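These notes are about the structure you will find just below.
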There are 2 protein chains.
Amino acid sequence: MENTQRQVPAPAPAPTPRRRKGAEAILEAAEVLFAERGYNAVPVSAIAARAGVSKANVFHHFGTKDRLYLAVLRRACGAATQVWHERMAGDGAFDARLRHAAGAHLRHLLEQEEVSRLLLREVVENGPRRGAELAEKVFDEHFDGLVRMIRDGQRNGELREDADVSVVAALLLGADVFFFLARSVLIHMKAATFASDPERYSDLIAEYLFSGLAPTHK
Amino acid sequence: MENTQRQVPAPAPAPTPRRRKGAEAILEAAEVLFAERGYNAVPVSAIAARAGVSKANVFHHFGTKDRLYLAVLRRACGAATQVWHERMAGDGAFDARLRHAAGAHLRHLLEQEEVSRLLLREVVENGPRRGAELAEKVFDEHFDGLVRMIRDGQRNGELREDADVSVVAALLLGADVFFFLARSVLIHMKAATFASDPERYSDLIAEYLFSGLAPTHK
DNA sequence: TCCGGATCTGACCGTCCGGTCAGCATAGCG
DNA sequence: CGCTATGCTGACCGGACGGTCAGATCCGGA
């Protein structure tokens, strides 16, 4: 696994714009397959076949299956944070922004299902190991963005002063992740009426969180 | 995979109390290893070694690696629901019961870390496939128990009448699952102050959910 | 046109893994 | 004591997989 790579010792510090023909195709194929079946269950030959190149070519570009996986993770992280940043805008009342953030995040998870599953799996499989720095990075950025947004609302007096903003952020993200994880199971359950309606789900989440579940003060 | 099993065609409709010597050891070893590394990354030989039996013995008892995995899942499901039921008791005011449920569930996840990771992985990896009926069963029971508890509170007027109980349950469970999943990542983050204190976390979760995050009505 | 480096490939290798099988050992029984 | 059923094992097999290698092809520059 720590073999002598012939050439390409440090192939491209920044991803060079030109070149990259087969490499991109390989990355795309690998992303889909890894997300679908996980690292161990995907042979390099399958990735090569899907990308329309030879197996040896995969090793030519990435040296190791492990390095390919890392590259896929890196790419996925980049894409994820990019979309997320575009989405995190929002103004208006605080509860509206809560609703906006929760909805945007859930939509993001569902739209980028493959990437989401890939990163999520990475967290489940090996919390601090392997590409932890990567997953952690996305995770960190997302989490911090949300925390900042909530803290702003708190500073403006739109949120209880004694609230722990990071716990609030965890509640929001957790609710979305739970939906993403569990929807395939929930959809078969009578008790869960929300499983097929993510919009309504995140709206309710935000509303309950903001207004509380106590009986309406009459 | 669909080979002729010599004996034991329907070995024990209910798990027979006697026999079971090596089999139990194999199940235990497999549970730990599968939880740690996942199905594909664990060779049968490793399970056999850990259980102190020969590889062939594993096949003698379970016929297939796949069937062994199923058996592990089944066992884990049983243990999980049992503990859960013991925990779901609780009386007092509704918000106290909310807090109790959230805390108990999170404690349950953390104490049974291996089993939790096993089942969680099963949901992430293949939502509706393979042992879905199993994971779904635990999931269903847990979720339904929580939903019932919340609905009871609602009937007693301790909870907003218009609240969707299943969404509330999802919020609670999601928050806990998120904690379980993310704690290894969160623990390295400055923003998350709660990562090392599950008790406080679930207390806050329940309180925010019940009282809401709106500025305190003065 | 020739050259050199990069891209790409088919064929191959060593290893590991799931699963099989023929037989050993032990325990219950006559 | 012998017979048999059965838990159990070492040795083995076929296939798949990660990775290598020698060379074919392509392409830009001198």
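Quick caveat, the model's predicted, so the values are computed rather than measured. Note on naming: letters A, B, ... go to the chains in the order of the sequence lines (proteins, then strands), and numbering restarts at 1 for each one.
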Exercise for the section: Look at the side chain of Lys55(B) and the base of dG18(C), then say whether one donor and one acceptor between them are separated by less than 3.5 Å. Expected result: yes
Exercise for the section: Assign each of Gly52(B) and Lys65(A) to its nearest nucleotide of DNA chain D by heavy atoms, then name whichever residue's nucleotide is nearer the 5' end. Expected result: Gly52(B)
Exercise for the section: Hey, can you tell me if Phe34(A) and Tyr39(A) have their rings parallel, tilted or perpendicular (30° and 60° cut-offs)? Expected result: parallel
Handout entry: Most 5' of Ala56(A) and Val42(A) on DNA chain D, judged by nearest nucleotide
Key = Val42(A)
Exercise for the section: Decide, yes or no, whether a salt bridge links Arg200(A) with Glu207(A) under the criterion of side-chain N to carboxylate O below 4.0 Å. Expected result: no
Handout entry: Short N-O contact, Arg117(A) and Glu36(A), less than 4.0 angstrom
Key = no
Practice task
Quickly work out the His61(B) NE2 to dG19(C) P distance and round it to whole Å.
Solution key: 16 Å
Exercise for the section: Give the rounded distance in Å between these two atoms: CD1 of Ile26(A) and P of dT7(C). Expected result: 11 Å
Problem - Length of the CD1-P vector between Ile47(B) and dC17(C), whole Å - result: 11 Å
Handout entry: Nearest-angstrom distance from the residue atom CZ of Phe62(B) to P of dG18(C)
Key = 15 Å
Fill in the blank from the handout: Which of dG18(D), dG19(C), dG10(C) is nearest the side chain of Ser54(A)? It is dG10(C)
Problem - Selection from dC17(D), dG18(C), dT9(D) that lies nearest to any side-chain heavy atom of Val44(B) - result: dG18(C)
Fill in the blank from the handout: Checking dC17(C), dC17(D), dG19(C) against the side chain of Pro43(A) (C-beta onward), the nearest is dC17(D)
Exercise for the section: Please check the phosphate of dT7(C) (OP1 and OP2 only) for any side-chain N or O of His60(A) closer than 4.0 Å. Expected result: yes
Problem - Any Asn57(A) side-chain N or O less than 4.0 Å from OP1/OP2 of dT7(C) - result: no
Exercise for the section: Run the salt-bridge test on Arg75(B) and Glu31(B) with the 4.0 Å N-O cut-off and return the result as yes or no. Expected result: yes
Problem - Rounded interatomic separation in angstrom, taking CZ from Phe59(A) and P from dG18(D) - result: 6 Å
